[in-house]
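This report refers to the structure that appears directly beneath it.
These numbers were taken from a predicted model, which means no experiment stands behind them.
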Amino acid sequence: GIYGPASGASSGKDRAKLLQAQPQQTRHARRLYIGHLPPDLSEDNVHEFFRDSIHTAMNKMDPAPEDDPILSVYINVER
């Protein structure tokens, strides 16, 4: 997506407000689909991996427990 003056969202806080205002309309854009996971991998393993990866990418050395960017993880074992 485009961020900045052209999009009307000039900061992270502005984008967060937009996401909070329209959660159902932006849900598809915030969903991540991953295939070919090992069968013994748990939802907690996936959650921990992505949470730690996001914090590392954002250079957060000691984030607070409530500063978790992952809302939920679901593994569809039927596929």
* L32-Y74 co-clustered via ILVMFWY side chain contacts under 4.5 Å -> no
* **Linked, directly or transitively: Y33 and L41 (ILVMFWY side chains, under 4.5 Å)** => no
* To do: Scan residues 34-45 for pairs that pass side-chain hydrogen bond (donor to acceptor under 3.5 Å, both in side chains), counting only residues two or more places apart or in two chains.
  => S42-N45
Please output the side-chain donor-acceptor pairs of residues 61-73 that fall under 3.5 Å, not counting sequence neighbours, one pair per line with the distance.
unit_1, atom_1, unit_2, atom_2, d
D67, OD1, K60, NZ, 3.4
D67, OD2, K60, NZ, 2.8
D68, OD1, H47, NE2, 3.4
D68, OD1, I70, N, 3.0
D68, OD2, H47, NE2, 2.7

